[in-house]
Amino acid sequence: MAGPRKYWLMKSEPDAFGIDDLRQRGSEPWSGVRNYQARNFMRDQMQPGDLAFLYHSSCPQPGIYGLMTIAGPPYPDPTQFDRKSPYYDAASTREQPRWHLVDVKYQRHLKRPILLAELRANESRLKGLKLFSAVRLSVMPVAPEHWERILALE
DNA sequence: GCCAACGTTGGC
DNA sequence: GCCAACGTTGGC
């Protein structure tokens, strides 16, 4: 039962995993999210076929670098069960997993990155964009009109 | 390296 | 359930 396509923004640190890594891999499980709001978006609201901006953070030029599609339905993040993983969560069980993720699929690089500074310069037309306010959120929804206005900057 | 924002934890 | 302390994110 697919609803209308939704739009998202997902952050990664390019030193760890960036747009070039994603292109190489084709698709990738979006593991390691340990924030309840971000998890809820992936677990409860994302649908295969939704589109997402790939945002690079903690780097010299923070901004949006590419487009991805949500490749499949949510499922438990395997890293939560892996004692050797930095994302291991001792409180999580296979019967009652705490963390869920989706696979994302590479769609394309933007023709040029749309940097945070440029987004901020357009803040009046992007009112309510969570990127500006929810600093600690690594997965967030993007309103359709914001999505279009951002892509129009490309 | 600094620090603002803010989610999470834990004492009560 | 409140709220202060703490820890993390992430831009600059």
Side-chain angles (χ1 to χ4, degrees), chain A residues 6-25 27-46 50-70 74-104 106-143 145-154:
Chain A
K6 294 196 183 79
Y7 301 94
W8 306 95
L9 182 147
M10 301 168 83
K11 296 181 186 172
S12 78
E13 300 187 12
D15 284 352
F17 187 86
I19 183 75
D20 294 324
D21 301 305
L22 182 61
R23 174 165 58 187
Q24 207 162 33
R25 304 266 199 117
S27 71
E28 183 75 4
W30 204 258
S31 59
V33 170
R34 296 294 181 268
N35 168 287
Y36 289 108
Q37 253 187 293
R39 176 206 67 183
N40 291 348
F41 287 133
M42 290 198 287
R43 188 190 63 183
D44 304 334
Q45 295 194 37
M46 279 186 180
D50 285 357
L51 293 173
F53 288 132
L54 179 51
Y55 179 93
H56 284 178
S57 63
S58 297
C59 60
Q61 302 271 289
I64 297 167
Y65 282 74
L67 301 182
M68 326 186 275
T69 53
I70 305 309
Y75 61 95
D77 181 345
T79 63
Q80 70 195 305
F81 308 123
D82 178 1
R83 286 176 180 281
K84 292 185 195 121
S85 167
Y87 303 118
Y88 176 69
D89 185 345
S92 194
T93 66
R94 289 187 187 271
E95 292 69 37
Q96 291 206 307
R98 181 178 291 184
W99 306 108
H100 293 71
L101 53 67
V102 296
D103 289 354
V104 297
Y106 175 82
Q107 190 178 51
R108 66 175 178 88
H109 280 61
L110 295 192
K111 294 170 204 146
R112 62 178 190 90
I114 300 171
L115 302 182
L116 177 61
E118 190 174 353
L119 294 171
R120 284 201 196 286
N122 288 275
E123 193 160 3
S124 61
R125 283 183 289 153
L126 298 172
K127 260 203 167 42
L129 188 70
K130 280 192 160 54
L131 184 64
F132 297 138
S133 53
V135 180
R136 305 206 34 202
L137 197 56
S138 64
V139 175
M140 64 186 76
V142 176
E145 61 269 26
H146 289 164
W147 178 272
E148 280 174 30
R149 284 171 203 164
I150 291 168
L151 264 190
L153 299 172
E154 188 182 4

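Order of the sequence lines fixes the chain letters, A, B, ..., with proteins taken first and strands second; residue numbering starts at 1 for each chain. Everything numeric here is computed off the predicted structure, so don't read it as measured data.
- Look at Lys11(A) and you'll find a side-chain N or O under 4.0 angstrom from OP1 or OP2 of dG10(C).
- Whole-Å rounding puts the Glu13(A) CD to dT8(C) C1' distance at 11 Å.
- Using a 4.5 Å cut-off on side-chain heavy atoms (C-beta onward), Asp77(A) and Val33(A) make no contact.
- A 4.5 Å side-chain heavy-atom check between Phe53(A) and Met10(A) finds every atom pair outside the cut-off.
- If you take CZ of Phe41(A) and P of dG7(B), they are 11 Å apart, rounded to a whole angstrom.
- Annotation: cation-pi pair Arg94(A)/Phe81(A) present, NZ/CZ under 6.0 Å from the ring centroid and within 45° of its normal.
- Distance Asp15(A) CG to dG11(C) C1': 15 Å, rounded to the nearest Å.
- Inspection of the Asp89(A) and Trp99(A) side chains reveals an N or O donor paired with an N or O acceptor under 3.5 Å.
- Relative to the side chain of Asn35(A), the nucleotides dG11(C), dG10(C), dG7(B) differ in distance, and dG7(B) lies closest.
- Here Arg120(A) lies in heavy-atom contact (under 4.0 Å) with sugar-phosphate atoms only.
- To the nearest angstrom, P of dT8(B) lies 13 Å from CG of Asp89(A).
- The side chain of Tyr36(A) places no N or O atom within less than 4.0 Å of a non-bridging phosphate oxygen (OP1 or OP2) of dC6(B).
- Remark: P of dT8(B) and CZ of Arg39(A) are 10 Å apart, rounded to the nearest angstrom.
- In this entry the distance linking CE of Met140(A) with C1' of dC6(B) reads 13 Å, nearest Å.
- At least one side-chain heavy atom of Phe132(A) sits less than 4.5 Å from a side-chain heavy atom of Arg120(A).
- If you check every strand for non-hydrogen atoms under 4.0 Å, Tyr55(A) touches sugar and phosphate atoms only.
- Atom pair Phe132(A):CZ and dG11(C):P shows a separation of 12 Å (rounding to whole Å applied).
- Of all nucleotides listed (dT9(C), dG10(C), dC12(C)), dT9(C) comes nearest to the side chain of Arg136(A).
- Going from atom CD of Gln37(A) over to atom C1' of dT9(C) covers 14 Å, rounded to whole Å.
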